[in-house]
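Structure, as C-alpha coordinates:
This one's a predicted model, so the numbers in the text were calculated from it and none came from an experiment. In each ligand, atom 1 is the first atom listed, and ligand 1 is the first ligand listed.
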Amino acid sequence: MKQTPFKANITAVGKYLPKKVITNQDMEKLVDTSDEWIQSRTGIRERRKVQKGEATVEMSTNAVHNLMKNHNISPEEIDTIIVATVTPDMILPCSAALIQKNINAVNAWGYDLSAACSGFLFGLESGAALIESGRSKKVIVIGADTMSSILNYEDRNTCILFGDGAGAVLLEPSEEFGIIDSELRIDGSGGEYLKVDGGGSLNPASHETITNKSHYVWQDGKTVYKFAVRGMADISYEVATRNNLSGDNISLFIPHQANKRIIDATAKRLGLKESQIMINIDTYANTTSATLPICIAEAYENNRLKQGDNVMLSTFGAGFSWGAMYLKWGMSTHA
Ligand code: UT7
(Lines give C-alpha, C1' and ligand atoms only; values in the text may rest on other atoms or scores of the structure.)
Protein backbone atom coordinates (compact mmCIF):
# COMPACT_ATOMS: atom_id res chain seq x y z
CA MET A 1 0.00 0.00 0.00
CA LYS A 2 1.40 3.39 -1.00
CA GLN A 3 1.76 6.16 1.59
CA THR A 4 1.95 9.41 -0.37
CA PRO A 5 0.27 12.79 0.07
CA PHE A 6 -1.36 12.52 -3.35
CA LYS A 7 -3.02 9.68 -5.17
CA ALA A 8 -3.13 9.56 -8.96
CA ASN A 9 -6.79 10.01 -9.81
CA ILE A 10 -8.45 9.35 -13.17
CA THR A 11 -10.27 12.61 -13.94
CA ALA A 12 -11.18 12.12 -17.62
CA VAL A 13 -11.59 9.24 -20.05
CA GLY A 14 -11.80 8.84 -23.83
CA LYS A 15 -11.85 6.14 -26.47
CA TYR A 16 -11.79 5.58 -30.20
CA LEU A 17 -12.77 2.53 -32.22
CA PRO A 18 -12.37 2.36 -36.00
CA LYS A 19 -15.68 2.30 -37.89
CA LYS A 20 -15.08 -0.93 -39.82
CA VAL A 21 -16.61 -3.97 -38.11
CA ILE A 22 -15.25 -7.46 -38.87
CA THR A 23 -17.72 -10.11 -37.73
CA ASN A 24 -17.04 -13.78 -37.02
CA GLN A 25 -18.89 -14.49 -40.27
CA ASP A 26 -16.32 -12.32 -42.06
CA MET A 27 -13.56 -14.39 -40.41
CA GLU A 28 -15.22 -17.59 -41.67
CA LYS A 29 -14.50 -16.36 -45.21
CA LEU A 30 -10.79 -15.93 -44.43
CA VAL A 31 -9.86 -19.03 -42.39
CA ASP A 32 -11.29 -22.42 -41.45
CA THR A 33 -13.29 -21.32 -38.42
CA SER A 34 -16.88 -20.80 -37.29
CA ASP A 35 -18.86 -18.23 -35.37
CA GLU A 36 -19.82 -21.01 -32.96
CA TRP A 37 -16.15 -21.96 -32.26
CA ILE A 38 -15.03 -18.37 -31.78
CA GLN A 39 -17.92 -17.41 -29.51
CA SER A 40 -17.77 -20.53 -27.35
CA ARG A 41 -13.95 -20.54 -26.96
CA THR A 42 -13.38 -16.79 -26.58
CA GLY A 43 -16.64 -14.81 -26.21
CA ILE A 44 -15.83 -12.73 -29.31
CA ARG A 45 -18.56 -11.82 -31.86
CA GLU A 46 -16.84 -9.05 -33.79
CA ARG A 47 -13.85 -6.73 -33.79
CA ARG A 48 -12.84 -3.42 -35.40
CA LYS A 49 -10.22 -2.79 -38.07
CA VAL A 50 -8.55 0.42 -39.22
CA GLN A 51 -8.91 1.72 -42.76
CA LYS A 52 -5.78 2.16 -44.87
CA GLY A 53 -3.85 5.19 -43.62
CA GLU A 54 -5.31 4.99 -40.11
CA ALA A 55 -3.10 3.57 -37.35
CA THR A 56 -2.09 3.85 -33.69
CA VAL A 57 -1.25 7.57 -33.63
CA GLU A 58 -4.49 8.61 -35.32
CA MET A 59 -6.61 6.33 -33.11
CA SER A 60 -4.83 7.66 -30.01
CA THR A 61 -5.27 11.27 -31.13
CA ASN A 62 -9.00 10.62 -31.59
CA ALA A 63 -9.22 9.01 -28.14
CA VAL A 64 -7.53 12.05 -26.54
CA HIS A 65 -9.82 14.43 -28.46
CA ASN A 66 -12.78 12.40 -27.15
CA LEU A 67 -11.33 12.76 -23.63
CA MET A 68 -10.88 16.51 -24.00
CA LYS A 69 -14.44 16.91 -25.36
CA ASN A 70 -15.74 15.50 -22.10
CA HIS A 71 -13.37 17.35 -19.77
CA ASN A 72 -12.41 20.96 -19.43
CA ILE A 73 -8.67 20.78 -20.08
CA SER A 74 -6.55 22.77 -22.49
CA PRO A 75 -3.72 20.93 -24.26
CA GLU A 76 -0.97 23.18 -22.87
CA GLU A 77 -1.79 21.98 -19.34
CA ILE A 78 -0.81 18.38 -20.21
CA ASP A 79 2.74 17.78 -18.96
CA THR A 80 3.25 14.07 -19.73
CA ILE A 81 2.02 11.64 -22.42
CA ILE A 82 2.58 7.91 -21.91
CA VAL A 83 1.58 5.66 -24.80
CA ALA A 84 1.29 1.92 -24.21
CA THR A 85 1.48 0.12 -27.54
CA VAL A 86 3.16 -2.77 -29.34
CA THR A 87 2.19 -1.35 -32.72
CA PRO A 88 3.64 2.17 -32.91
CA ASP A 89 3.14 3.88 -36.29
CA MET A 90 6.90 3.57 -36.80
CA ILE A 91 9.99 2.56 -34.85
CA LEU A 92 10.99 6.18 -34.44
CA PRO A 93 9.89 8.80 -33.64
CA CYS A 94 7.81 7.49 -30.77
CA SER A 95 4.02 7.62 -30.97
CA ALA A 96 3.91 9.91 -27.93
CA ALA A 97 5.72 12.65 -29.88
CA LEU A 98 3.40 12.36 -32.87
CA ILE A 99 0.34 12.45 -30.61
CA GLN A 100 1.79 15.47 -28.75
CA LYS A 101 1.90 17.34 -32.07
CA ASN A 102 -1.63 16.29 -33.07
CA ILE A 103 -3.18 17.41 -29.80
CA ASN A 104 -0.98 20.51 -29.52
CA ALA A 105 0.31 19.64 -26.05
CA VAL A 106 3.10 22.20 -26.33
CA ASN A 107 4.45 21.75 -22.77
CA ALA A 108 4.49 17.95 -22.66
CA TRP A 109 7.18 15.32 -22.65
CA GLY A 110 6.42 11.64 -23.02
CA TYR A 111 7.36 8.21 -24.24
CA ASP A 112 6.08 4.89 -25.56
CA LEU A 113 5.87 1.87 -23.30
CA SER A 114 5.87 -1.67 -24.66
CA ALA A 115 4.43 -4.39 -22.43
CA ALA A 116 1.83 -5.99 -24.73
CA CYS A 117 -1.52 -6.58 -23.04
CA SER A 118 -0.20 -5.23 -19.71
CA GLY A 119 1.09 -2.00 -21.28
CA PHE A 120 -1.75 0.22 -20.15
CA LEU A 121 -1.63 -1.02 -16.54
CA PHE A 122 2.15 -0.51 -16.49
CA GLY A 123 1.56 2.96 -18.00
CA LEU A 124 -0.90 3.79 -15.23
CA GLU A 125 1.67 2.69 -12.64
CA SER A 126 4.33 4.89 -14.27
CA GLY A 127 1.97 7.87 -14.57
CA ALA A 128 0.88 7.39 -10.96
CA ALA A 129 4.52 7.48 -9.78
CA LEU A 130 5.02 10.82 -11.56
CA ILE A 131 1.86 12.27 -9.99
CA GLU A 132 2.58 10.91 -6.49
CA SER A 133 6.12 12.32 -6.53
CA GLY A 134 4.83 15.72 -7.60
CA ARG A 135 6.90 15.69 -10.83
CA SER A 136 3.79 15.74 -13.02
CA LYS A 137 0.36 17.30 -12.56
CA LYS A 138 -1.55 16.17 -15.64
CA VAL A 139 -0.54 12.87 -17.23
CA ILE A 140 -2.30 11.40 -20.24
CA VAL A 141 -2.00 7.60 -20.34
CA ILE A 142 -2.99 6.04 -23.65
CA GLY A 143 -3.41 2.37 -24.55
CA ALA A 144 -3.62 1.84 -28.30
CA ASP A 145 -2.94 -0.97 -30.74
CA THR A 146 -3.40 -1.59 -34.43
CA MET A 147 -3.30 -5.37 -34.10
CA SER A 148 -4.50 -5.82 -37.70
CA SER A 149 -1.05 -4.60 -38.81
CA ILE A 150 0.68 -7.61 -37.21
CA LEU A 151 -1.94 -10.35 -37.75
CA ASN A 152 -1.58 -13.19 -40.20
CA TYR A 153 -5.05 -13.48 -41.70
CA GLU A 154 -4.19 -17.04 -42.78
CA ASP A 155 -3.57 -18.21 -39.18
CA ARG A 156 -6.84 -19.12 -37.46
CA ASN A 157 -5.04 -19.54 -34.12
CA THR A 158 -4.43 -15.80 -33.86
CA CYS A 159 -6.30 -13.68 -36.42
CA ILE A 160 -9.74 -14.26 -34.89
CA LEU A 161 -8.59 -13.08 -31.45
CA PHE A 162 -7.56 -9.46 -31.93
CA GLY A 163 -8.95 -6.06 -32.94
CA ASP A 164 -7.89 -2.42 -33.27
CA GLY A 165 -8.71 0.42 -30.87
CA ALA A 166 -7.48 3.11 -28.50
CA GLY A 167 -8.38 4.51 -25.09
CA ALA A 168 -7.00 7.28 -22.91
CA VAL A 169 -7.27 8.55 -19.35
CA LEU A 170 -6.07 11.71 -17.61
CA LEU A 171 -4.33 11.35 -14.24
CA GLU A 172 -4.33 14.24 -11.79
CA PRO A 173 -3.39 14.48 -8.09
CA SER A 174 -6.12 13.95 -5.49
CA GLU A 175 -6.04 13.62 -1.73
CA GLU A 176 -9.15 11.49 -1.70
CA PHE A 177 -9.50 9.33 -4.80
CA GLY A 178 -7.27 7.38 -7.17
CA ILE A 179 -4.82 4.50 -7.37
CA ILE A 180 -4.32 2.86 -3.98
CA ASP A 181 -2.42 -0.35 -4.58
CA SER A 182 -0.99 -2.52 -7.34
CA GLU A 183 1.13 -5.57 -8.00
CA LEU A 184 2.87 -5.96 -11.36
CA ARG A 185 5.12 -8.68 -12.77
CA ILE A 186 7.11 -9.74 -15.82
CA ASP A 187 8.60 -13.17 -16.48
CA GLY A 188 10.60 -13.66 -19.67
CA SER A 189 10.51 -17.42 -19.41
CA GLY A 190 7.04 -17.04 -20.98
CA GLY A 191 8.43 -15.05 -23.90
CA GLU A 192 8.54 -17.94 -26.34
CA TYR A 193 4.78 -18.61 -26.14
CA LEU A 194 3.50 -15.28 -27.54
CA LYS A 195 5.75 -13.25 -29.79
CA VAL A 196 6.52 -11.38 -33.01
CA ASP A 197 9.93 -12.68 -34.09
CA GLY A 198 10.67 -10.58 -37.15
CA GLY A 199 11.32 -6.88 -37.62
CA GLY A 200 13.22 -6.28 -34.36
CA SER A 201 16.97 -5.81 -33.94
CA LEU A 202 17.60 -9.57 -33.68
CA ASN A 203 15.83 -10.45 -36.92
CA PRO A 204 15.61 -7.19 -38.89
CA ALA A 205 13.20 -7.02 -41.81
CA SER A 206 14.52 -9.06 -44.74
CA HIS A 207 13.19 -11.17 -47.60
CA GLU A 208 13.56 -14.14 -45.26
CA THR A 209 11.47 -12.66 -42.45
CA ILE A 210 8.77 -11.77 -44.96
CA THR A 211 8.80 -15.28 -46.47
CA ASN A 212 8.63 -16.84 -43.00
CA LYS A 213 5.77 -14.49 -42.04
CA SER A 214 7.68 -13.73 -38.86
CA HIS A 215 6.40 -10.14 -38.68
CA TYR A 216 3.11 -11.54 -37.48
CA VAL A 217 1.90 -12.48 -34.00
CA TRP A 218 2.53 -16.11 -33.13
CA GLN A 219 0.97 -17.72 -30.08
CA ASP A 220 0.87 -21.08 -28.33
CA GLY A 221 -2.66 -20.35 -27.15
CA LYS A 222 -3.07 -23.33 -24.86
CA THR A 223 0.07 -22.54 -22.84
CA VAL A 224 -0.70 -18.83 -22.63
CA TYR A 225 -4.23 -19.70 -21.54
CA LYS A 226 -2.95 -21.89 -18.70
CA PHE A 227 -0.60 -19.19 -17.37
CA ALA A 228 -3.16 -16.42 -17.91
CA VAL A 229 -5.88 -18.11 -15.88
CA ARG A 230 -3.55 -18.69 -12.95
CA GLY A 231 -1.57 -15.45 -13.25
CA MET A 232 -4.52 -13.09 -13.51
CA ALA A 233 -6.57 -14.82 -10.82
CA ASP A 234 -3.67 -15.09 -8.32
CA ILE A 235 -2.48 -11.50 -8.63
CA SER A 236 -6.03 -10.08 -8.52
CA TYR A 237 -6.77 -12.15 -5.44
CA GLU A 238 -3.52 -10.98 -3.79
CA VAL A 239 -4.29 -7.27 -4.33
CA ALA A 240 -7.93 -7.78 -3.31
CA THR A 241 -7.26 -9.63 -0.06
CA ARG A 242 -4.54 -7.29 1.22
CA ASN A 243 -6.98 -4.39 0.72
CA ASN A 244 -9.89 -6.27 2.36
CA LEU A 245 -11.73 -6.42 -0.96
CA SER A 246 -14.04 -9.22 -2.01
CA GLY A 247 -17.27 -9.84 -3.89
CA ASP A 248 -19.03 -7.79 -1.20
CA ASN A 249 -17.26 -4.50 -1.78
CA ILE A 250 -15.68 -4.55 -5.26
CA SER A 251 -17.97 -2.29 -7.30
CA LEU A 252 -16.48 -3.06 -10.69
CA PHE A 253 -13.82 -5.50 -11.88
CA ILE A 254 -12.26 -4.34 -15.16
CA PRO A 255 -10.12 -7.12 -16.63
CA HIS A 256 -8.02 -7.34 -19.79
CA GLN A 257 -10.24 -8.72 -22.55
CA ALA A 258 -8.33 -11.69 -24.04
CA ASN A 259 -10.77 -14.50 -23.45
CA LYS A 260 -14.15 -14.54 -21.68
CA ARG A 261 -13.19 -17.83 -20.02
CA ILE A 262 -10.05 -16.26 -18.46
CA ILE A 263 -12.16 -13.35 -17.19
CA ASP A 264 -14.78 -15.72 -15.72
CA ALA A 265 -12.12 -17.77 -13.91
CA THR A 266 -10.62 -14.65 -12.29
CA ALA A 267 -14.05 -13.26 -11.37
CA LYS A 268 -14.97 -16.58 -9.77
CA ARG A 269 -11.81 -16.50 -7.65
CA LEU A 270 -12.76 -13.00 -6.44
CA GLY A 271 -16.34 -14.11 -5.73
CA LEU A 272 -17.89 -11.65 -8.17
CA LYS A 273 -21.33 -11.64 -9.80
CA GLU A 274 -21.72 -10.88 -13.51
CA SER A 275 -23.03 -7.37 -12.71
CA GLN A 276 -19.64 -6.58 -11.10
CA ILE A 277 -17.59 -7.41 -14.22
CA MET A 278 -16.89 -5.16 -17.21
CA ILE A 279 -16.93 -7.11 -20.45
CA ASN A 280 -16.81 -5.88 -24.04
CA ILE A 281 -14.69 -8.61 -25.65
CA ASP A 282 -17.81 -9.60 -27.61
CA THR A 283 -17.71 -6.36 -29.63
CA TYR A 284 -14.01 -5.41 -29.80
CA ALA A 285 -12.05 -8.68 -29.23
CA ASN A 286 -8.56 -8.29 -27.74
CA THR A 287 -7.21 -4.82 -28.53
CA THR A 288 -4.00 -5.55 -26.52
CA SER A 289 -2.89 -2.28 -24.81
CA ALA A 290 -6.29 -0.70 -25.45
CA THR A 291 -8.65 -3.12 -23.68
CA LEU A 292 -8.45 -1.53 -20.22
CA PRO A 293 -8.82 2.16 -21.17
CA ILE A 294 -11.66 1.35 -23.59
CA CYS A 295 -13.38 -0.63 -20.83
CA ILE A 296 -12.86 2.19 -18.33
CA ALA A 297 -14.28 4.75 -20.80
CA GLU A 298 -17.31 2.57 -21.58
CA ALA A 299 -17.98 1.72 -17.93
CA TYR A 300 -18.02 5.46 -17.22
CA GLU A 301 -20.22 6.26 -20.25
CA ASN A 302 -22.69 3.58 -19.21
CA ASN A 303 -22.94 4.87 -15.63
CA ARG A 304 -21.32 1.77 -14.16
CA LEU A 305 -18.89 3.88 -12.12
CA LYS A 306 -19.71 6.32 -9.34
CA GLN A 307 -17.49 8.36 -7.06
CA GLY A 308 -16.03 6.29 -4.24
CA ASP A 309 -16.44 2.94 -6.01
CA ASN A 310 -13.81 0.26 -5.40
CA VAL A 311 -12.45 -0.67 -8.83
CA MET A 312 -10.04 -3.51 -9.64
CA LEU A 313 -8.06 -3.60 -12.89
CA SER A 314 -6.31 -6.77 -13.96
CA THR A 315 -4.29 -8.00 -16.91
CA PHE A 316 -2.15 -10.76 -18.42
CA GLY A 317 -0.16 -10.74 -21.66
CA ALA A 318 3.00 -11.43 -23.62
CA GLY A 319 6.30 -11.40 -21.78
CA PHE A 320 4.74 -12.84 -19.73
CA SER A 321 3.53 -9.62 -18.16
CA TRP A 322 0.67 -9.30 -15.71
CA GLY A 323 -0.74 -7.34 -12.83
CA ALA A 324 -3.64 -6.01 -10.81
CA MET A 325 -4.47 -2.56 -9.49
CA TYR A 326 -6.95 -1.25 -6.94
CA LEU A 327 -8.31 2.28 -7.24
CA LYS A 328 -11.01 4.36 -5.65
CA TRP A 329 -13.00 5.90 -8.51
CA GLY A 330 -13.03 9.70 -8.31
CA MET A 331 -15.16 11.00 -11.19
CA SER A 332 -18.76 12.01 -10.60
CA THR A 333 -21.31 9.85 -12.37
CA HIS A 334 -21.56 10.47 -16.10
CA ALA A 335 -24.45 12.85 -16.93
O1 UT7 B 1 -3.91 -11.18 -24.45
C2 UT7 B 1 -2.75 -11.90 -24.64
C3 UT7 B 1 -2.82 -13.16 -23.92
N4 UT7 B 1 -3.47 -14.14 -24.72
C5 UT7 B 1 -4.36 -14.92 -24.19
O6 UT7 B 1 -4.68 -14.77 -23.03
C7 UT7 B 1 -4.93 -16.02 -25.03
C8 UT7 B 1 -4.92 -17.31 -24.28
N9 UT7 B 1 -5.39 -18.45 -25.06
C10 UT7 B 1 -6.69 -18.59 -25.41
O11 UT7 B 1 -7.50 -17.71 -25.19
C12 UT7 B 1 -7.11 -19.91 -26.02
O13 UT7 B 1 -6.09 -20.85 -25.88
C14 UT7 B 1 -7.51 -19.81 -27.52
C15 UT7 B 1 -8.82 -19.06 -27.66
C16 UT7 B 1 -6.42 -19.10 -28.30
C17 UT7 B 1 -7.70 -21.20 -28.09
O18 UT7 B 1 -8.70 -21.89 -27.35
P19 UT7 B 1 -8.44 -23.40 -26.84
O20 UT7 B 1 -9.69 -23.84 -26.22
O21 UT7 B 1 -7.21 -23.35 -25.99
O22 UT7 B 1 -8.22 -24.14 -28.18
P23 UT7 B 1 -6.93 -25.00 -28.62
O24 UT7 B 1 -5.78 -24.09 -28.92
O25 UT7 B 1 -6.73 -26.09 -27.62
O26 UT7 B 1 -7.46 -25.65 -29.94
C27 UT7 B 1 -8.51 -26.60 -29.94
C28 UT7 B 1 -8.80 -26.98 -31.37
C29 UT7 B 1 -7.54 -27.34 -32.17
O30 UT7 B 1 -7.86 -28.39 -33.05
P31 UT7 B 1 -7.43 -29.90 -32.71
O32 UT7 B 1 -5.94 -29.85 -32.61
O33 UT7 B 1 -8.10 -30.21 -31.40
O34 UT7 B 1 -7.96 -30.66 -33.88
C35 UT7 B 1 -7.25 -26.09 -32.96
O36 UT7 B 1 -6.56 -26.34 -34.16
O37 UT7 B 1 -9.37 -25.86 -32.06
C38 UT7 B 1 -8.63 -25.60 -33.25
N39 UT7 B 1 -8.70 -24.17 -33.52
C40 UT7 B 1 -9.72 -23.60 -34.18
N41 UT7 B 1 -10.86 -24.12 -34.71
C42 UT7 B 1 -11.70 -23.26 -35.30
C43 UT7 B 1 -7.80 -23.21 -33.18
N44 UT7 B 1 -8.24 -22.02 -33.62
C45 UT7 B 1 -9.42 -22.24 -34.24
C46 UT7 B 1 -10.35 -21.39 -34.88
N47 UT7 B 1 -11.48 -21.95 -35.38
N48 UT7 B 1 -10.16 -20.08 -34.99
Side-chain angles (χ1 to χ4, degrees), residues 22-47 84-87 114-122 143-148 150-165 167 184-196 216-236 254-267 269 278-282 284-295 313-324:
I22 310 284
T23 64
N24 287 350
Q25 286 74 19
D26 294 327
M27 299 307 302
E28 286 174 3
K29 293 177 196 137
L30 294 175
V31 287
D32 180 16
T33 190
S34 67
D35 176 45
E36 197 282 319
W37 192 97
I38 299 173
Q39 286 212 43
S40 63
R41 300 287 179 127
T42 69
I44 298 165
R45 276 190 299 114
E46 57 190 43
R47 70 286 290 144
T85 186
V86 290
T87 50
S114 170
C117 298
S118 301
F120 180 78
L121 202 68
F122 290 12
D145 268 307
T146 311
M147 293 306 290
S148 60
I150 55 169
L151 287 178
N152 177 358
Y153 284 97
E154 293 173 351
D155 176 12
R156 69 177 184 175
N157 291 302
T158 50
C159 71
I160 55 113
L161 297 171
F162 296 94
D164 300 336
L184 308 170
R185 304 273 169 73
I186 50 170
D187 178 358
S189 61
E192 64 187 288
Y193 303 113
L194 177 48
K195 58 184 178 177
V196 178
Y216 294 127
V217 174
W218 181 90
Q219 175 175 235
D220 171 352
K222 225 186 235 322
T223 304
V224 177
Y225 183 89
K226 225 168 45 200
F227 280 94
V229 165
R230 208 178 48 226
M232 206 157 112
D234 282 355
I235 210 155
S236 303
I254 305 182
H256 172 54
Q257 311 279 310
N259 188 317
K260 172 81 162 48
R261 292 183 290 147
I262 299 173
I263 295 171
D264 289 345
T266 306
R269 182 84 181 278
M278 179 65 204
I279 292 180
N280 62 14
I281 188 172
D282 51 330
Y284 305 136
N286 181 353
T287 53
T288 305
S289 309
T291 60
L292 289 182
I294 293 172
C295 277
L313 307 176
S314 183
T315 189
F316 190 94
F320 293 132
S321 59
W322 69 108

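- Contact of the Val217 side chain with the Leu194 side chain is registered, since non-hydrogen atoms from C-beta on lie closer than 4.5 Å.
- Gly221 O, 3.0 Å is the protein heavy atom nearest to atom 9 (N) of ligand 1.
- For the atom pair OG1 (Thr287) and CG (Leu161), the distance works out to 12.5 Å, reported to the nearest 0.5 Å.
- Put simply, CZ on Arg261 and OG on Ser40 are 7.5 Å apart, with the number rounded to the nearest 0.5 Å.
- Taking a distance limit of 4.0 Å, we find that atom 29 (C) of ligand 1 is approached by no protein heavy atom.
- Atom CD1 of Ile279 has more than 12 heavy atoms from other residues, nucleotides or ligands within 6.0 Å.
- Protein heavy atom in closest approach to atom 4 (N) of ligand 1: Gln219 OE1, 3.1 Å.
- For atom 18 (O) of ligand 1, a protein non-hydrogen atom is found at a distance below 4.0 Å.
- At under 3.5 Å, not a single nitrogen or oxygen of Thr42, backbone or side chain, sits near a nitrogen or oxygen of ligand 1.
- Formation of a donor-acceptor pair under 3.5 Å by the Ser118 side chain with backbone atoms of Leu121 is not found in this model.
- For ligand 1, the polar-atom distance check finds no N/O of Ile160 at less than 3.5 Å from any of the ligand's N/O atoms.
- Of the heavy atoms in Ile262, only side-chain atoms (C-beta onward) come closer than 4.0 Å to ligand 1.
- From the protein, the heavy atom lying nearest to atom 3 (C) of ligand 1 is Val224 CG1, 3.7 Å.
- Phe316 has its side chain out of reach of Ile262: every pair of non-hydrogen atoms, C-beta onward, lies at least 4.5 Å apart.
- In terms of protein heavy-atom proximity, atom 16 (C) of ligand 1 is nearest to Leu161 CD1, 3.9 Å.
- Assignment of Val31 to the shell around ligand 1 is not supported, since no heavy atom sits closer than 4.0 Å.
- Taking every heavy atom of Ala258 and a limit of under 4.0 angstrom, the matching atoms of ligand 1 come to 1 (O), 5 (C), 6 (O).
- Counting only non-hydrogen atoms, the option in Lys260, Lys226, Arg156, Lys222 that gets closest to atom 35 (C) of ligand 1 is Arg156.
- A distance of 5.5 Å separates OG1 of Thr33 from CD1 of Ile160, quoted to the nearest 0.5 Å.
- Looking only at heavy atoms of the protein, atom 47 (N) of ligand 1 is closest to Thr33 OG1, 2.6 Å.
- If you number the atoms of ligand 1 from 1 as listed, the ones under 4.0 Å from a heavy atom of Asn286 come out as 1 (O), 2 (C).
- Under a 4.0 Å criterion applied to the non-hydrogen atoms of Arg41, ligand 1 contributes the atoms 19 (P), 20 (O), 22 (O), 27 (C).
- Taking the six-membered ring where the residue is Trp, Phe320 and Phe227 present tilted rings, their angle falling between 30° and 60°.
- Residues Ser236 and Arg269 have side chains not in contact (no heavy-atom distance under 4.5 Å, counting atoms from C-beta outward).
- Residue-to-ligand polar distances place Asn259 within reach of ligand 1: an N/O pair is separated by less than 3.5 Å.
- Within ligand 1, counting atoms from 1 as listed, the ones closer than 4.0 Å to a heavy atom of Leu194 are 2 (C), 3 (C).
- Heavy atoms of Met27 come nearer than 4.0 angstrom to ligand 1 in no pair at all.
- Put simply, the side chain of His256 reaches to within 4.5 Å of the side chain of Asn286, judged on heavy atoms.
- Put simply, atom 24 (O) of ligand 1 has no protein non-hydrogen atoms near it, under 4.0 Å away.
- Close approach to Asn157 involves these atoms of ligand 1, each under 4.0 Å from a residue heavy atom: 43 (C), 44 (N).
- Atom 1 (O) of ligand 1 is approached by the protein to below 4.0 angstrom, counting heavy atoms only.
- Using a 4.0 Å cut-off between heavy atoms, Trp37 contacts ligand 1 through its side chain alone, with no backbone atom that close.
- Side-chain contact between Gln219 and Asn157 is absent, with no heavy-atom pair separated by less than 4.5 Å.
- Counting only heavy atoms from C-beta outward, the side chains of Phe162 and Asp145 never approach each other to under 4.5 Å.
- Contact annotation for atom 33 (O) of ligand 1: protein absent (non-hydrogen atoms, distance under 4.0 Å).
- In this structure, the separation between CZ on Phe120 and OG1 on Thr291 is 9.0 Å, given to the nearest 0.5 Å.
- Rounding to the nearest 0.5 Å places CG of Leu30 at 10.5 Å from CG of Asn152.
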